[in-house]
Amino acid sequence: MQFEQPPSVRRAPTFHARRDADACQLVGALLPRRAATTRQVQQAHARLAVLGLATARFLPHLLAALPRLSHPPQLEDASSSYPLSLFRRSNSSSAFASNHLLRVLPHPLPLRLFPGLPRRNPHSFTFLLASLSNHLGAGHASGPASSFLGSHVHALAVKAGAAGDLYVRNALTHFYGVCGDVVAMRMMFDELPCVRDVVTWNAVLSGYVRASMVRAARALFEEMPMRDEVSWSTVIGGYVKEGELDVALQVFKDMVEKGVRVNEAAVVTALSASAQLGLLELGRFVHQVVRREEMKVSVNIGAALVDMYAKCGCVAVARKVFDGMSRRDVFAWNAMICGLAAHGLGRDAVELFEQFLADGLCPTNITFVGVLNACSRSGLVAEGRRYFKLMVEKYNVEPEMEHYGCMVDLLGRAGLVLEAIELIEGMLIAPDPVLWGTVLSACKTRGLVDLGVKIGNKLIELEPAHDGHYVLLASIYAKAKKWDEVREVRKLMSSRGTSKSAGWSLMEAQGNVHKFLVGDMEHKDSVQIYNMLGMINRRLADAGYVPDVSSVLHDIGDEEKVHAIKVHSERLAIAYGFIVTEVGSPIRIVKNLQVCGDCHEFSKMVTKVFNREIIVRDGSRFHHMKEGRCSCHDYW
DNA sequence: TTAGGGTTAG
């Protein structure tokens, strides 16, 4: 890209930068304060040219302001080869331009260019290592080969006398951590204890977290002579990564209580933990911290809030946060689209997706998971087919197992079971048995006993340790009232040593989380809970509710089946909700498994008879029950 | 110049 100067400007008095700092300041004044885009840097370049300042002294500062390229430069593409042209026209007597070229170019160019760079300094190793770490951290192959690359750079640094530099050592420590080479990382760390700062400690901490060694990370965290907000957020992120969500939130609370400045990463990870738990009070606590600390609701925090509110049952609040965001990235859109889908608001999700496309944004594989899931939940067959085609043909997104999962579910639920089977059989990748499980589930809802039995037996043969297959097959038999067969399946299941995983329900009340199991007598208020449940049952019976026992798999008499159903964890949670929540406020429950057919009927009836709203998050979706109806339209 | 984070079907 050439910047010709008009003659009138060429005669204008020229600004002479006495020092590099002046040049840096002037270029800085032409750019946004943070994270400029290539386009913005080019605009600043044009203005410099107009001022007659597009010189070797100024250009390196433009290079320094450029974002990293994600693809190797193409010479015919002005914006991607722009860093190279800036570099060529820069002052080659300093390492500054070389270092920023290393930062901007994607792997493997920095590694290739490094030996031939006209000027280098100890910092150059840091830039090179950061480029390698970024590449590996973005999910590209790591392991012994990459670690070897690190030792190669390490050797070069030793030869250049830069290996003692704190920044270089930190970058090396981080690099080994990214490769997963914990031993090499630890050697770097242990070698020169005198050359350490908080970044060194944080690099090791993150190495342990990456290697899923959260215990080692915690031990190191306790041992650290200095900590900053990055140390805290790394530990919180580590616990979230390992699924220790309650510990993650406890560490976040400690961070707040100790008065450590809460940063964006800590908030985002704590929100993610609350979202995964589905516990609204915890999520609200994190949101309150954001407000109290007067933190800016950035794009990342906004997206995390949308996700949290959606996953904690407040899809309307999620939408409010989403609509109020001044800038939204694809993460925010994805969270909102997936959130609407999970709440059974398929048409809203599809509408939002259309708006997303109309705004000219590029959908990712996850956007399509969300929109296909929305179609499947709301029975939008034609739309689902159209988006699946669009995904492949227009957006070049390779269908992954998740997308097939949505499509198989979409077709199966709509009764197009044979088409679903055809789709699986025509797949280019080996189908996950889970897809057959989805078909099996469709056989159950559609009452296709023969096909279901065939697929169920095949699945049990394929994965004998998977309890879900036995459960589904048994419930297909149960629905057809074939109790002998139900007994057979259960016998087979227990002889193979598998058993239905225990279901539980959670309820938040007064800052505590209450967990219930089926027939649970552990709760301190058990007597009251069972009394309340008895009262609810009597009122429902008066209103004409008759239990449907077909979802109970035990080979016991009808009366006992009724009893087993009566004490499902969800009902205990509802009864407890009647005791501890205010009259008129909704009862929110989080379950690990899918809600059973009869509990679903029971809960709907409760909302009608007692005029209470019940919101259940089960293993995969939300049920908003009100006035005897559910947002899932009994379609789940 | 180095360290930390969010969205995913059944």
Side-chain angles (χ1 to χ4, degrees), chain A residues 64 95-96 99-100 102-103 121-130 133 137 165-175 177-178 197-207 209-210 228-238 240-241 263-273 275 298-308 310-311 329-339 341-342 364-370 372-377 400-410 412-413 432-442 468 472 594 619-621 636:
Chain A
F96 185 84
N99 290 349
H100 281 285
L102 290 173
R103 180 184 60 80
N121 62 7
H123 299 336
S124 311
F125 290 96
T126 318
F127 283 93
L128 174 63
L129 286 162
S133 298
D165 180 90
L166 176 62
Y167 279 72
V168 174
R169 297 188 65 79
N170 285 348
L172 268 167
T173 310
H174 176 228
F175 176 81
V178 171
D197 66 358
V198 71
V199 177
T200 323
W201 287 90
N202 288 343
V204 178
L205 203 55
S206 76
V209 166
R210 253 176 237 276
D228 63 3
E229 63 273 17
V230 174
S231 330
W232 284 86
S233 53
T234 306
V235 171
I236 297 170
V240 173
K241 180 168 171 267
N263 60 358
E264 202 191 32
V267 165
V268 166
T269 38
L271 284 172
S272 166
S298 61
V299 192
N300 295 338
I301 293 183
L305 280 171
V306 168
D307 183 49
M308 183 277 286
K311 290 208 175 105
D329 66 358
V330 73
F331 280 85
W333 285 90
N334 288 350
M336 195 66 247
I337 291 170
C338 294
T364 66
N365 53 349
I366 291 164
T367 321
F368 280 106
V369 171
L372 291 176
N373 186 26
C375 294
S376 138
R377 296 277 165 82
E400 292 166 42
M401 210 55 80
E402 287 86 347
H403 304 112
Y404 283 114
C406 294
M407 286 309 288
V408 168
D409 194 42
L410 172 79
R413 279 172 198 283
D432 189 318
V434 176
L435 292 182
W436 288 110
T438 308
V439 178
L440 185 57
S441 168
L472 261 178
Q594 206 177 71
S620 54
R621 64 178 48 65
W636 81 95

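Proteins get letters first, then strands, A, B, ... in listed order; numbering begins at 1 in each.
A:Val168 comes within contact range of no nucleotide atom at all, as no heavy-atom separation falls under 4.0 Å. Residue A:Thr234 is classed as a sugar-phosphate contact, given heavy-atom separations below 4.0 Å to backbone atoms only. A:Asp165 comes within 4.0 angstrom of nothing in the nucleic acid, heavy atoms only. Counting non-hydrogen atoms under 4.0 angstrom, A:Met401 reaches a base of the nucleic acid. When heavy atoms are screened at a 4.0 angstrom cut-off, A:Phe127 is found touching the sugar-phosphate backbone but no base atom. Looking at heavy-atom distances under 4.0 Å, A:Ala304 makes no contact with the nucleic acid at all.
Once rounded to the nearest 0.5 Å, the distance linking CG of A:Leu128 with NE2 of A:His123 reads 14.5 Å.
Separating the CG atom of A:Asn121 from the P atom of B:dT1 is a distance of 11 Å, rounded to the nearest angstrom. Residue A:Glu229 contributes atom CD, which lies 15 Å from atom P of B:dA3 at whole-angstrom precision. If you take CG of A:Asp409 and P of B:dA9, they are 11 Å apart, rounded to a whole angstrom. The CG atom of A:Leu128 sits 13 Å away from the C1' atom of B:dT2 (whole-angstrom rounding). One can place CZ of A:Arg413 at 10 Å from C1' of B:dA9, the figure rounded to the nearest angstrom. The distance between atom CE of A:Met308 and atom P of B:dG6, rounded to the nearest whole Å, is 16 Å. Whole-Å rounding puts the A:Phe96 CZ to B:dT1 P distance at 7 Å. Computed from coordinates, the A:Leu166 CG to B:dA3 C1' distance equals 11 Å when rounded to whole Å.
Residue A:Ser441 places its side chain closer to B:dG10 than to any other of B:dT7, B:dA3, B:dG10. With B:dT7, B:dG6, B:dT2 as the candidates, the nucleotide lying closest to the side chain of A:Ala335 is B:dT7. When distances are taken from the side chain of A:Ala303 to each of B:dG6, B:dG10, B:dA3, the shortest belongs to B:dG6. Set against B:dG10, B:dT2, B:dA3, the side chain of A:Asn170 has B:dT2 as its closest nucleotide.
Aromatic ring centres of A:His100 and A:Phe96: separated by under 6.0 Å.
Not a single ring-ring contact (aromatic ring centres under 6.0 Å, His included) links A:His403 to another residue, sequence neighbours left out. Residues passing the side chain to side chain contact (heavy atoms under 4.5 Å, CB included) test with A:Thr367, sequence neighbours excluded: A:Val330, A:Asn334, A:Ile337, A:Phe353, A:Phe356, A:Pro363, A:Thr364.
Phosphate contact (OP1/OP2 of B:dG6, side-chain N/O of A:Lys241, threshold under 4.0 Å): absent. Not one side-chain nitrogen or oxygen of A:His174 sits closer than 4.0 Å to the OP1 or OP2 atom of B:dT2. Between A:Asn373 and B:dG10 there is a side-chain N or O to OP1 or OP2 distance below 4.0 Å. Checking the phosphate oxygens (OP1, OP2) of B:dT7, a side-chain nitrogen or oxygen of A:Ser272 falls inside 4.0 Å. Between B:dG10 and A:Arg377, a contact under 4.0 Å exists linking OP1 or OP2 to a side-chain N or O.
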Apply the test side chain to side chain contact (heavy atoms under 4.5 Å, CB included) to residues A:Cys338 and A:Asn373: give CA-CA distance (whole Å), side-chain angles for both, the deciding distance (0.1 Å), then the verdict.
CA-CA 8 Å; A:Cys338 294; A:Asn373 186 26; over 6 Å; no

Decide yes or no on side chain to side chain contact (heavy atoms under 4.5 Å, CB included) for A:Leu129 and A:His174, but give the supporting numbers first.
CA-CA 9 Å; A:Leu129 286 162; A:His174 176 228; over 6 Å; no

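A donor-acceptor contact under 3.5 angstrom links the side-chain atoms of A:Asp329 to the base of B:dG6.
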